[in-house]
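We name chains A, B, ... by the order of the sequence lines, and we start the count at 1 in each one. Scope of the values below: all heavy atoms of this structure, side chains included, with no hydrogens, waters or symmetry mates.
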There are 2 protein chains.
Amino acid sequence: MSTAAGAKPSFKEQMLQAREEAIVKSVNRLLAEKGFDAMTVDEVAASVGIAKASLYKHFPSKEDLAAAAMVRVMRSAREFLDGIDAGLPPLEKLRAVVRWTLQVQLAGQMPSLPTQNSSLRAALTGSREYVDALMEISVRLGAWIEAAQAAGALNPKLPPIAVLYTLYARGCDPVLEFLRGGGQHTDDEIVDLVLSTCFDGLNSR
Amino acid sequence: MSTAAGAKPSFKEQMLQAREEAIVKSVNRLLAEKGFDAMTVDEVAASVGIAKASLYKHFPSKEDLAAAAMVRVMRSAREFLDGIDAGLPPLEKLRAVVRWTLQVQLAGQMPSLPTQNSSLRAALTGSREYVDALMEISVRLGAWIEAAQAAGALNPKLPPIAVLYTLYARGCDPVLEFLRGGGQHTDDEIVDLVLSTCFDGLNSR
DNA sequence: GTCTATAAATAGATAGAC
DNA sequence: GTCTATCTATTTATAGAC
């Protein structure tokens, strides 16, 4: 704990966390809308309704803002994993996870970061909570992937790591945006289409 | 023609075009490496070895530079389509095209542009050559898609437009970069893996 | 057309009062 | 901690000589 027991400090801490949660929520949305490079700190401050200098009291840099948003998504993903019915077959668990990521993306809640930016990478790998959450999620998904391969549901010839990356990549698949722009399908139909092409492929079965 | 017949003007025009080709080639590489936002016009000028002001004599804006790079890629893609064996089954033609895009991406030659940037979109849709090439390519791929579906090779339940978008999306699939970063596979293996997951899916067959 | 030099605007980040 | 005002660096884009 950072404060001794008592009502007043706890309340203060709660206020602080609520403010920071509001900030990260705005960052999350802006990152999903415009991406890291196009998002400006001024926009974030305006969106939250505070001064830019105040923002920098909470987060020391733009990279840290993005990292906080990623931590938030990771937490959210871990909670989703926790809620998955343990009785489901591994493949169905994986499908549920991908479906969730697609829905998050369509809801405009999936932050998109450039993978090449080195200062951003440093901020991410420097965040213990982000690295830990990503690791834990990968391990859990990896176990399901191997179980699904052992059960003959997933193609056993594919390296599990390649499967994992392929699932992660669906979280930033531009096909969703393309299809929505076409205006010919509902969001649910789009999700089902991408899920189908992801697991069943384009070829006939 | 912009010049009357004759050797001297033609030579001048050739010099001009060679210079512009060198510029666009640099832009292409930088766009593939860092993306549109991270690429600066100063870098482009330095990469080509000319002054920034000279660059602006050839292309009126950064967006036009990116558009020129996309036109170049489109031309290149169209040439590849022209070279495909007409006797191949439609599905194999499509596989060849995706394989080509994956190889271009791995070679660091596939420019990556943000789809949300409005000024960039304006520059692209304002380029007659880009729009025409994209349209023509889409029509040709669309015909192969429908033929492959009619032949029972591609899943006929998928809307052809969804298939088309899915193929296009492979050109900027982060899975390639992820797998290369893992260092466990050669470029050829990576291409085969992504081709497999794209057409055959993750599930067993 | 190519250059040097500079404008004009914007971005991330900080100073210092309250 | 929050604010206003400012700094510093960078970036797109031009001016003007040659």
Taking [atom1] from [X] and [atom2] from [N], how many angstroms apart are they, rounded to a whole number?
X        : N      : atom1 : atom2 : answer
A:Leu120 : C:dA11 : CG    : P     : 18 Å
B:Lys52  : C:dT4  : NZ    : P     : 12 Å
A:Phe36  : C:dG12 : CZ    : P     : 8 Å
B:Asp64  : D:dT12 : CG    : C1'   : 13 Å
B:Leu55  : C:dC3  : CG    : P     : 10 Å
A:Ile50  : D:dT4  : CD1   : P     : 12 Å
B:Glu63  : D:dT11 : CD    : P     : 15 Å
B:Phe59  : C:dG1  : CZ    : C1'   : 14 Å

Test item: side-chain donor near acceptor, B:Ser54 and B:Arg19, under 3.5 Å: no

Check this one for me: any side-chain N or O of [X] less than 4.0 Å away from OP1 or OP2 of [N]?
X       : N      : answer
A:Lys57 : D:dG1  : no
B:Ser54 : C:dG1  : no
A:Tyr56 : C:dA13 : yes

Which nucleotide wins on minimum distance to the side chain of [X], given the candidates [options]?
X       : options                : result
A:Asp42 : C:dG12, D:dT12, C:dC3  : C:dG12
B:Ala53 : D:dA13, C:dT14, D:dT14 : D:dT14
B:Leu16 : C:dG1, C:dG12, D:dT11  : C:dG1
A:Ala51 : D:dT12, C:dT4, D:dT4   : D:dT4

Touch class at under 4.0 angstrom, heavy-atom based, for B:Met15 against every strand present: nothing

Touch class at under 4.0 angstrom, heavy-atom based, for A:Thr40 against every strand present: sugar-phosphate

From CE (B:Met135) to CE (B:Met74), nearest 0.5 Å: 11.5 Å

Least distance between heavy atoms, A:Glu20 atom then A:His58 atom: OE2-ND1, 2.9 Å

Shortest non-hydrogen contact from A:Arg99 toward A:Leu195: NH2-CD1, 3.3 Å

More than 12 heavy atoms of other groups within 6.0 Å of A:Gln184 CD: no

